[in-house]
Structures are given as structure tokens and as C-alpha cells.
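In what follows, a single structure is set out as C-alpha cells and then discussed.
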Amino acid sequence: ARCVEMLQRLGLGNRASYLPQALSGGQRQRVAVARAVVSRPRLILADDPTAALDKESSAVVISLLKRMSVEDGATVIIVTHDSRILDLADRVVNMVDGSIVSDVTLHDAVRICELLRANDLFKHLTPAEITNIAEKMTRRLFHADDVIIHQGDPGDLLYLIGSGEVVVTQRERDGRPALVATVGTGRVIGERALIVDEPRNATCTATTEVETFSLAKADFIAGVESRASFKNQIQSIYFQRQ
């Protein structure tokens with residue numbers, strides 16, 4: 001009964017009595033998928049499960065695997081060249097010549113792209129350029145009163161605030177901190193030290209729980225230098241703030 005149910009979910013209920021030679025290549029592939037998942041395994045390793053399928057059949061197979069991950073708690077790892085299935089993926093690891101070049105949680109990546117696109121520093125980039133930067137950013141949480149950036153430290157990271165509130169202060173000559181600004185979601189902090197290659201000129205402290213996405217200096221510089229016009233735009237935007 002479970003076998004028949006699985007075949008029906010894959011659009012093959014009316015082919016349950018057919019012999020293999022009576023099925024098309026795509027139908028045989030869906031039978032193979034049904035055979036692999038009918039016992040509701042905890043781990044599913046799928047090698048190009050949609051390679052021989054049309055758009056509609058691919059959607060049926062991937063929706064089934066997605067449902068098993070959500071409803072049955074199964075872990076599904078898919079090796080594929082089929083970009084049509086990316087919308088249902090939770091995480092994408094991109095490999096080139098046997099090496100991992102990016103490892104992205106899609107929900108975070110989409111959020112990061114939206115935040116970057118709305119920020120003055122990055123709004124002039126193309127979607128491809130913004131996506132490339134987003135893939136290199138790392139999520140990090142800070143608790144209230146955590147210091148994210150210390151004045152005087154070397155500038156090695158840029159931070160994009162995903163949520164929460166941060167106060168920016170500078171030490172005056174008598175050593176007391178003076179409030180410079182309060183910033184929140186979508187703002188970038190720490191960019192000055194990376195742009196002008198100088199130590200941090202301010203301290204940034206979380207006042208609430210703060211979610212950030214950080215970008216290493218080398219990745220920021222690579223993104224800047226890949227487009228001379230982008231570098232000029234960033235410098236212009238920054239110096240307009242002085």
C-alpha cells in the first residue's frame with residue numbers, strides 16, 4: 001500500500017502494473033525515486049534526481065523530497081546541475097573543480113542581498129555582484145552590551161546589521177566616550193577602517209541582541225577593486241559623511 005501511495009504521489013499511480021520496458025526514461029527515474037524513499041529514510045542522497053525529467057516532473061520529485069525533509073525530518077542532499085530546484089533548497093554548496101567556492105543558507109543570502117541593495121555603499125552594484133558579496137558574508141550574533149568593534153583595533157571586518165540596535169561612540173581627549181550615532185537594521189559599520197586602511201576610529205556596542213553579517217577585509221577589497229567605478233562610489237559616499 002505504501003508503494004502504491006508513493007507512486008501516486010509521483011504521478012505514476014496508473015503505471016503500477018507496468019513492466020520497466022513499458023515506461024519512459026523519466027518514468028523509470030521517478031520509480032527509482034519512489035523505491036529510494038518509500039521506507040522513509042532519515043538520510044536521502046540524490047544524484048541528479050531530475051536529470052531526465054521535464055519541468056513538471058522535476059517539480060513533483062523535488063516537492064516530495066522537500067515534504068519529507070519538513071514532515072519526516074529527513075536530511076536530503078542533492079547533487080545537481082539543475083538550477084530549477086534552487087527555490088526549494090535551504091542551503092546551497094557550490095563546488096568548482098572539486099573545491100567548495102561558496103556555502104550559502106538561502107534564507108540568509110536573500111536577506112543579505114536585500115539589505116545590501118538598500119544600502120548606499122552597495123546599491124550601485126549589479127544583482128550578480130551583490131550576490132557574490134552576500135555569499136562571502138558570515139552570520140554572527142551579539143548580545144546586549146557586547147562590543148562589536150573596539151576603537152583603535154585594526155580594521156579586519158565589515159559588519160552589516162541584520163537586526164537590533166548598535167551605539168557608536170568615540171573616546172574624547174579626556175578618555176570619556178561620546179555618543180556619535182545609533183544605528184540599526186540595514187546599516188553597515190566598520191567600513192571606514194577598511195576603506196582608508198586605518199585603525200578603528202570608534203567603538204560599536206550592541207544595545208539589544210544584534211544579528212550581523214560580516215565580510216572579511218580581503219573579500220571587501222576584492223569586491224571594491226573588481227570595479228573601479230564602485231571603488232570611486234564608495235569613497236565618494238564615505239567622504240560625504242565627514
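If you read the sequence from its start, that first residue is 1, and numbering goes on from there. Given the structure is predicted, the values throughout are model-derived calculations rather than measurements.
Using a 4.0 Å cut-off between charged nitrogen and carboxylate oxygen, R117 and E129 do not count as a salt-bridge pair. Here K217 pairs with D197 in a salt bridge; the nearest charged N to carboxylate O distance falls below 4.0 Å.
Here the side chain of R200 pairs no donor or acceptor atom with the backbone of G152 at under 3.5 angstrom. The main-chain N or O of T212 is never found under 3.5 Å from a side-chain atom of R140 such that the two would form a donor-acceptor pair. The backbone N or O of D72 sits nowhere less than 3.5 Å from a side-chain atom of R67 that would complete a donor-acceptor pair. A donor-acceptor pair under 3.5 Å links the side-chain atoms of T203 to the main chain of Q151, judged by distance alone. Using modelled atom types, one side-chain atom of D174 and one backbone atom of R176 make a donor-acceptor pair closer than 3.5 Å. Proximity of a side-chain donor or acceptor of S57 to a complementary backbone N or O of L53 within less than 3.5 Å is not detected. No donor-acceptor distance shorter than 3.5 angstrom exists from the side chain of R187 to the backbone of L160, with no hydrogens or angles considered. The main-chain N or O of G186 is found under 3.5 Å from a side-chain atom of N119 such that the two form a donor-acceptor pair.
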| request: Under the side chain to side chain contact (heavy atoms under 4.5 Å, CB included) rule, what do I161 and V166 come out as? Steps first, then yes or no, please. | output: CA-CA 9 Å; I161 301 175; V166 174; 3.8 Å; yes

Using the side chain to side chain contact (heavy atoms under 4.5 Å, CB included) rule, take N94 and I100 through it: C-alpha gap first, then chi angles, then the decisive distance, then the call.
CA-CA 6 Å; N94 187 25; I100 294 175; over 6 Å; no

task: Applying side chain to side chain contact (heavy atoms under 4.5 Å, CB included), run through Y159 and L215 and close with a yes or a no.
output: CA-CA 6 Å; Y159 293 92; L215 182 67; over 6 Å; no

Exercise. Go through the steps for L12 and Q27 under the test side chain to side chain contact (heavy atoms under 4.5 Å, CB included), then give the verdict.
Key: CA-CA 8 Å; L12 295 170; Q27 289 170 336; 3.9 Å; yes

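Here the closest heavy-atom approach between residue V210 and residue E165 is recorded as CG2-O, 3.3 Å. The minimum heavy-atom distance linking G164 with T208 is given by the pair CA-OG1, 3.4 Å. F213 approaches M137 most closely through the heavy-atom pair O-CE, 3.2 Å. Contact record, L116 with F122: O-CB, 3.3 Å, taken as the closest heavy-atom pair. The shortest heavy-atom contact between P41 and I44 is CG-CG1, 3.7 Å. When all heavy atoms are compared, the tightest approach of A134 to I112 is CB-CG2, 3.6 Å.
Cluster annotation: L7 is not connected to V33 through the hydrophobic network of ILVMFWY side chains, with a link wherever side-chain heavy atoms come within less than 4.5 Å. In the hydrophobic clustering of this structure, V110 does not group with I130; members are Ile, Leu, Val, Met, Phe, Trp, Tyr whose side-chain heavy atoms approach within less than 4.5 Å, directly or through other members. Cluster membership check: V188 does not share its hydrophobic cluster with L141, using side-chain heavy-atom separations under 4.5 Å among Ile, Leu, Val, Met, Phe, Trp and Tyr. Residues F220 and I189 do not share a hydrophobic cluster, defined by chaining ILVMFWY side chains whose heavy atoms lie under 4.5 Å apart. Tracing side-chain contacts under 4.5 Å through hydrophobic residues (I, L, V, M, F, W, Y), one never reaches F142 starting from V167; they form parts of separate clusters.
Between the CZ atom of R40 and the CE atom of M6 there is a distance of 6.0 Å, given to the nearest 0.5 Å. Here OG of S214 is found 10.0 Å from CG of D219. Values are rounded to the nearest 0.5 Å. Rounding to the nearest 0.5 Å places CD1 of I133 at 9.5 Å from SG of C113. The OG1 atom of T50 sits 7.5 Å away from the CD1 atom of I78 when rounded to the nearest 0.5 Å. Rounding to the nearest 0.5 Å places OG of S39 at 7.5 Å from CZ of R2. Rounded to the nearest 0.5 Å, atoms CE (M68) and NZ (K66) are 13.5 Å apart.
In this structure, the side chains of V79 and D48 stay at 4.5 Å or more apart for every pair of heavy atoms. In this structure, L10 and V61 have side chains that are in contact, with non-hydrogen atoms separated by less than 4.5 Å. R192 is not listed as a side-chain neighbour of I195, based on a closest heavy-atom distance of 4.5 Å or more. D47 has its side chain out of reach of T80: every pair of non-hydrogen atoms, C-beta onward, lies at least 4.5 Å apart. Contact of the S58 side chain with the K55 side chain is not registered, since no non-hydrogen atoms from C-beta on lie closer than 4.5 Å.
Environment of CG in D54: crowded, with over 12 heavy atoms of neighbouring residues, nucleotides or ligands closer than 6.0 Å. More than 12 non-hydrogen atoms from other residues, nucleotides or ligands lie less than 6.0 angstrom from CD of E172.
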